[in-house]
Novice: 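Would you mind keeping the following structure in view while I ask a few things?
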Amino acid sequence: MKVLVRGAGFAGLATCWYLLEAGHQVSLYDPKGIGGGASGVSPGLLHRYPGAKPRRADDSATRTLLNIAGPNSHTPKPILRLPQSPEQETHFRTLATRYDDLSYENGLLIHSALTVHPLPYLNGLWSACLARGATYGEAPAHLEVLAIGAASDQVTPIKGQVLRLKWPDIPPLPYNLIGRKYLVMGDGWCDIGATYERNFTSPDPDLQTAKSLLLPDAVKMVPELENAPILDCRAGVRASPPGHFPPIIKQLDERRWLYTGLGSKGLLYHATFAKQLVSLLPT
Ligand SMILES: Cc1cc2nc3c(=O)[nH]c(=O)nc-3n(C[C@H](O)[C@H](O)[C@H](O)COP(=O)(O)OP(=O)(O)OC[C@H]3O[C@@H](n4cnc5c(N)ncnc54)[C@H](O)[C@@H]3O)c2cc1C
């Protein structure tokens with residue numbers, strides 16, 4: 001069957017891949033190109049222990065797609081989750097005794113975590129789709145999958161901003177950090193994310209708002225960031241589903257299916273739910 005996928009973010013690219021695996025003919029279209037939405041903005045934290053009281057989640061489908069996209073798509077990097085309450089610390093300590101990819105060292109240290117590089121990942125996955133016969137453009141199709149993120153009217157749009165700061169004259173951290181905000185280590189810089197803005201007037205970066213919402217927590221995590229020069233500010237809009245979870249997979253009419261609502265956990269869940277969507281489509 002010929003299928004047109006609208007939207008070239010994590011959801012759209014994963015859907016393309018699983019459609020091709022199931023034997024469909026696939027075309028992909030996005031007016032903003034590959035990674036032009038929220039996916040291209042994400043600093044790329046991926047780990048298996050999401051939520052305030054985490055249980056282990058299954059990230060195997062995402063890891064399979066990262067391997068297909070190639071070695072430039074991600075870097076192994078532990079994450080240190082700092083507890084935000086005594087109850088959370090107790091939970092983290094218990095969890096750390098249960099799984100061999102965890103330890104407790106001033107916080108929950110997740111050894112199996114990755115930093116995903118969103119654009120190399122998406123472009124690598126798209127190259128793999130092209131090699132399997134996918135095409136780019138609005139080709140006529142029997143079915144359309146709308147993987148359009150926050151452009152759907154069935155989700156709540158939540159703006160997120162990220163600040164890139166020059167790393168101060170101290171050794172780089174051996175892990176990424178998640179506290180009230182998060183810090184992703186780069187080479188001579190770090191990304192501080194992310195804001196959760198419900199009442200925004202523009203989806204574009206707004207440096208003053210980003211600074212006021214991010215810098216105080218960044219400095220609490222690493223005091224040397226106090227006067228760090230700002231290198232960049234970027235913004236994207238998340239698609240939050242009603243009730244926060246699960247993402248939305250829904251047939252809209254005879255020809256169109258909707259896949260959106262990945263919220264702030266797009267990397268963890270996009271592949272699993274794309275696979276599920278494709279299993280629901282006629283062959
Ligand atoms: C600042 C920020 C930081 C984040 N950090 C992380 C993180 O560290 N880890 C993590 O797992 N998640 C993170 N997220 C969440 C993650 O980025 C999202 O869950 C994910 O990008 C959603 O993917 P998507 O493909 O559904 O949406 P998008 O990436 O937004 O893709 C939707 C695409 O649809 C296109 N589109 C819209 N309308 C049409 C149309 N009519 N036709 C064709 N195309 C259309 C848009 O141009 C867009 O490219 C972050 C998000 C933000 C904003």
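Just so you know, ligand 1 is whichever comes first in the structure, and atom 1 is the first atom listed for that ligand.
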Novice: Counting each atom of ligand 1 from 1 as listed, which ones have a heavy atom of P43 under 4.0 Å away?
Specialist: 3 (C), 4 (C), 5 (N)

Novice: Do you know which two heavy atoms are closest between C233 and A210, and how far apart they sit?
Specialist: SG-CB, 3.8 Å

Novice: Using a 4.0 Å heavy-atom cut-off, say whether Y259 meets ligand 1 through its side chain, its backbone, both or neither.
Specialist: neither

Novice: Which atoms of ligand 1 sit under 4.0 Å from any heavy atom of G160?
Specialist: 1 (C)

Novice: According to a hydrophobic-cluster definition based on side-chain heavy atoms being under 4.5 Å apart (Ile, Leu, Val, Met, Phe, Trp, Tyr only), do V116 and Y175 belong together?
Specialist: no

Novice: Show me which atoms of ligand 1 lie under 4.0 Å from any heavy atom of G236.
Specialist: 53 (C)

Novice: Within ligand 1, which atoms have a heavy atom of G44 less than 4.0 Å away?
Specialist: 8 (O)

Novice: What are the atoms of ligand 1, with element, lying closer than 4.0 Å to any heavy atom of G7?
Specialist: 33 (C), 34 (O), 35 (C), 43 (C), 44 (N)

Novice: Applying a heavy-atom cut-off of 4.0 Å, say which part of V162 lies close to ligand 1: side chain, backbone, both or neither.
Specialist: side chain

Novice: Between Y136 and L122, is there shared hydrophobic-cluster membership here, with clusters defined by ILVMFWY side-chain heavy atoms closer than 4.5 Å?
Specialist: yes

Novice: Below 4.0 Å, non-hydrogen atoms only: which portion of S264 touches ligand 1? Side chain, backbone, both or neither.
Specialist: backbone

Novice: Using a 4.0 Å cutoff against the non-hydrogen atoms of A147, which atoms of ligand 1 qualify?
Specialist: 32 (C), 33 (C), 34 (O)

Novice: For atom 7 (C) of ligand 1, which of G9, G12, S42, A11 has the closest heavy atom?
Specialist: S42

Novice: Give the atoms of ligand 1, by number and element, whose distance to some non-hydrogen atom of K32 is under 4.0 Å.
Specialist: 47 (O)

Novice: Evaluate the ring planes of Y121 and H270, with Trp represented by its six-membered ring, and classify them as parallel (under 30°), tilted (30 to 60°) or perpendicular (over 60°).
Specialist: perpendicular

Novice: Report the member of S39, P203, S240, A235 with the shortest heavy-atom distance to atom 22 (C) of ligand 1.
Specialist: S39

Novice: Where is the nearest protein heavy atom to atom 8 (O) of ligand 1: which residue, which atom, and how far?
Specialist: L45 N, 3.0 Å

Novice: Donor-acceptor pairs under 3.5 angstrom involving side-chain atoms of residues 20-38: please list them, not counting sequence neighbours.
Specialist:
from : atom 1 : to  : atom 2 : distance (Å)
D30  : OD1    : K32 : N      : 2.8
D30  : OD2    : A8  : N      : 2.7

Novice: Is ligand 1 under 4.0 Å from a heavy atom in the side chain of P118, in the backbone, in both, or in neither?
Specialist: neither

Novice: When you check the gap from the basic side-chain N to the acidic O, do R255 and E144 get nearer than 4.0 Å?
Specialist: yes

Novice: Quick test: of every protein heavy atom, which one is nearest to atom 3 (C) of ligand 1, and how far off is it to 0.1 Å?
Specialist: Y182 OH, 3.3 Å

Novice: Among A274, G263, A38, whose heavy atom sits nearest atom 19 (O) of ligand 1?
Specialist: G263

Novice: Using a cut-off of 6.0 Å, state whether more than 12 heavy atoms not belonging to N106 lie near its atom CG.
Specialist: no

Novice: For atom 45 (C) of ligand 1, what's the nearest protein heavy atom and its distance?
Specialist: I148 CG2, 3.7 Å

Novice: State yes or no: do W167 and M221 share one hydrophobic cluster built from I, L, V, M, F, W and Y residues joined by side-chain heavy-atom distances below 4.5 Å, directly or via other members?
Specialist: yes

Novice: Filter on ring pair (Phe, Tyr, Trp, His ring centres under 6.0 Å), then keep only pairs touching residues 56-111, sequence neighbours left out; what's left?
Specialist: Y49-Y99

Novice: Report, in ascending order of atom number, the atoms of ligand 1 lying under 4.0 Å from any heavy atom of A151.
Specialist: 37 (C), 38 (N)

Novice: Could you tell me whether K265 approaches ligand 1 through its side chain, its backbone, both or neither, with non-hydrogen atoms closer than 4.0 Å?
Specialist: backbone

Novice: Answer yes or no: does atom CZ of R132 have more than 12 heavy-atom neighbours from other residues, nucleotides or ligands under 6.0 Å?
Specialist: yes

Novice: Same cluster or not: W189 versus L163, using hydrophobic residues (I, L, V, M, F, W, Y) connected whenever any side-chain heavy atoms lie under 4.5 Å apart?
Specialist: no

Novice: Dump the intermediate steps for salt bridge (charged side-chain N to carboxylate O under 4.0 Å, His left out) on K159 and D206, then the final yes or no.
Specialist: CA-CA 11 Å; K159 180 174 174 179; D206 162 7; 5.2 Å; no

Novice: Could you check which of L268, T115, D30 puts a non-hydrogen atom nearest to atom 49 (O) of ligand 1?
Specialist: D30

Novice: Starting from atom 11 (O) of ligand 1, which protein heavy atom do you reach first, and at what distance in Å?
Specialist: L267 N, 2.9 Å

Novice: Under a single-linkage definition using a 4.5 Å side-chain heavy-atom cutoff for Ile, Leu, Val, Met, Phe, Trp and Tyr, are I192 and Y196 assigned to the same hydrophobic cluster?
Specialist: no

Novice: Under 4.0 angstrom from ligand 1, any heavy atom of G193?
Specialist: no

Novice: May I ask whether A239 has any heavy atom positioned less than 4.0 angstrom from an atom of ligand 1?
Specialist: no

